[in-house]
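Step one of this worksheet: look at the structure below.
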Amino acid sequence: MDKFMERAVELASDNVRNGGEPFGAVLVKNNNLVDEGVNELHKRFDITAHAEIQAMRRAQKKMHTHVLQGYTMYASGEPCPMCMTAMYYAGIETIYYCATAEDAVEAGLGKSEFVYGELKKPKAERQIRMVHMPLEEAQENPMKLYKEEKA
């Protein structure tokens with residue numbers, strides 16, 4: 001097994017022994033470990049404190065950037081929809097993972113499978129109700145303002 005995946009799995013196992021979930025992640029660039037993370041939901045009371053996001057947060061803070069083009073993520077488990085989305089936005093180019101989403105379901109961690117299913121549905125059929133509220137005519141349009149500022 002690759003040394004970076006070995007580290008991700010080691011982090012995940014240590015996290016379980018410390019009361020957390022079985023997820024560890026290692027962020028790599030040019031075959032160098034840049035940062036790592038574990039699920040810290042139980043410590044931070046933060047649903048977004050997943051291993052992959054924690055590794056990215058630490059690296060981005062150190063480097064003062066939100067762009068991670070050319071980086072690779074090693075994750076002990078298949079990334080959830082939130083982590084996948086964050087990695088897409090950051091520009092992560094390759095993700096290696098060990099345990100599958102099905103393995104997570106077998107372990108009693110089945111939210112990812114449910115959310116992936118919900119995202120495939122039309123908005124009107126999702127369990128979370130989504131209601132579009134267009135801007136009033138008199139309101140400033142932040143999207144238009146952004147576009148003008150970037151021009």
Side-chain angles (χ1 to χ4, degrees), residues 1-132 142-143 145-147 149-151:
M1 183 180 281
D2 179 278
K3 67 181 179 179
F4 299 120
M5 185 58 79
E6 282 183 16
R7 179 63 182 149
V9 172
E10 178 184 328
L11 288 165
S13 295
D14 288 346
N15 201 44
V16 170
R17 284 190 278 281
N18 289 318
E21 293 180 343
F23 301 104
V26 174
L27 185 63
V28 174
K29 184 162 186 183
N30 299 326
N31 209 35
N32 292 307
L33 191 150
V34 175
D35 227 308
E36 55 189 33
V38 297
N39 270 40
E40 296 182 1
L41 284 70
H42 65 296
K43 290 181 180 178
R44 298 188 180 275
F45 306 104
D46 175 358
I47 197 68
T48 69
H50 288 200
E52 300 92 333
I53 289 178
Q54 293 299 87
M56 289 188 299
R57 280 179 178 149
R58 289 181 180 113
Q60 290 170 328
K61 187 174 182 177
K62 274 195 270 189
M63 296 182 293
H64 300 277
T65 185
H66 62 278
V67 178
L68 297 174
Q69 211 79 38
Y71 287 72
T72 301
M73 184 67 74
Y74 291 80
S76 64
E78 186 174 347
C80 75
M82 176 183 64
C83 292
M84 281 298 300
T85 301
M87 288 186 273
Y88 270 110
Y89 277 121
I92 300 287
E93 294 183 2
T94 305
I95 303 165
Y96 294 98
Y97 64 93
C98 201
T100 65
E102 294 78 18
D103 294 332
V105 169
E106 285 182 30
L109 299 160
K111 283 276 192 202
S112 291
E113 188 174 64
F114 167 75
V115 175
Y116 274 124
E118 284 288 294
L119 292 173
K120 291 178 185 176
K121 296 177 183 177
K123 291 175 191 160
E125 294 177 20
R126 295 179 187 166
Q127 281 193 12
I128 293 178
R129 190 168 151 238
M130 295 182 67
V131 181
H132 178 223
M143 295 293 178
L145 178 64
Y146 178 82
K147 185 176 178 180
E149 291 289 323
K150 291 293 176 183

Distance (rounded to the nearest 0.5 Å) between Cys98 SG and Met5 CE:
5.5 Å

Distance, nearest 0.5 Å, that separates CD of Glu10 from NZ of Lys3:
13.5 Å

Using a strict threshold of under 4.0 Å (side-chain N to carboxylate O), is an ion pair present between Lys121 and Glu118?
yes

Salt bridge between Arg7 and Asp35, side-chain N to carboxylate O under 4.0 Å?
no

Is a donor on one side and an acceptor on the other found under 3.5 Å between the side chain of Glu78 and the backbone of Ala101?
yes

Could you tell me whether the side chain of Leu27 reaches within less than 4.5 Å of the side chain of Glu36, counting heavy atoms only?
no

Within the 4.5 Å heavy-atom criterion, are Ser112 and Pro81 side-chain neighbours or not?
yes

Nearest 0.5 Å, please: how far is OG1 in Thr72 from CG in Asp2?
10.0 Å

What's the separation between atom CD in Glu125 and atom CE in Met130, rounded to the nearest 0.5 Å?
13.5 Å

Looking at Gly20, is its backbone amide N or carbonyl O close enough to the side chain of Asn15 to form a donor-acceptor pair, meaning the two atoms are under 3.5 Å apart?
no

Does atom OH (Tyr89) have a neighbourhood of more than 12 heavy atoms from anything else shown, all under 6.0 Å?
no

side-chain contact (heavy atoms from CB on, under 4.5 Å) assessment of Met82 paired with Ile53
CA-CA 9 Å; Met82 176 183 64; Ile53 289 178; 3.8 Å; yes

Show the nearest heavy-atom pair for residues Asp103 and Thr100, with the distance to one decimal.
OD2-N, 2.8 Å

If you measure from CE on Met84 to CD1 on Ile92, what distance do you get to the nearest 0.5 Å?
10.5 Å

side-chain contact (heavy atoms from CB on, under 4.5 Å) for Met56 and Leu68? Distances and angles first, verdict last.
CA-CA 8 Å; Met56 289 188 299; Leu68 297 174; 3.7 Å; yes

Counting only heavy atoms not in His42, do more than 12 fall under 6.0 Å of its NE2?
yes

At their closest point, which heavy atom of Gly77 faces which heavy atom of Glu52, and how far apart are they?
O-OE2, 3.8 Å

Expected output: side-chain Thr65 to main-chain Gln60 donor-acceptor under 3.5 Å
no

So which of Tyr74, Tyr96, Tyr97 actually passes ring-ring contact (aromatic ring centres under 6.0 Å, His included) with Phe4?
Tyr74

Check: Arg58 and Gln54 side chains under 4.5 Å, non-hydrogen atoms:
yes

Once you round to the nearest 0.5 Å, how far does CD1 of Ile47 lie from CG of Asn39?
9.0 Å

Looking only at heavy atoms, which two atoms of Gly24 and Ala12 are closest? And how far apart?
N-CB, 3.5 Å

Between Val26 and Ala8, which heavy-atom pair has the shortest distance, and what is it?
CG2-N, 3.7 Å

Nearest heavy-atom contact between Gly70 and Glu93 is N-OE2, 3.0 Å

Please step through side-chain contact (heavy atoms from CB on, under 4.5 Å) for the pair Cys80 and Lys111, ending with a clear verdict.
CA-CA 8 Å; Cys80 75; Lys111 283 276 192 202; over 6 Å; no

Search all heavy atoms of Gly37 against all heavy atoms of Ala55 and return the closest pair with its distance.
N-CB, 3.8 Å

Are any side-chain N or O atoms of Asp46 and backbone N or O atoms of Thr48, one a donor and one an acceptor, separated by less than 3.5 Å?
yes

How about Phe23 and Val38: do any of their side-chain heavy atoms sit closer than 4.5 Å?
no

Could you tell me if the side chain of Pro79 sits less than 4.5 Å from the side chain of Ile95, heavy atoms only?
yes

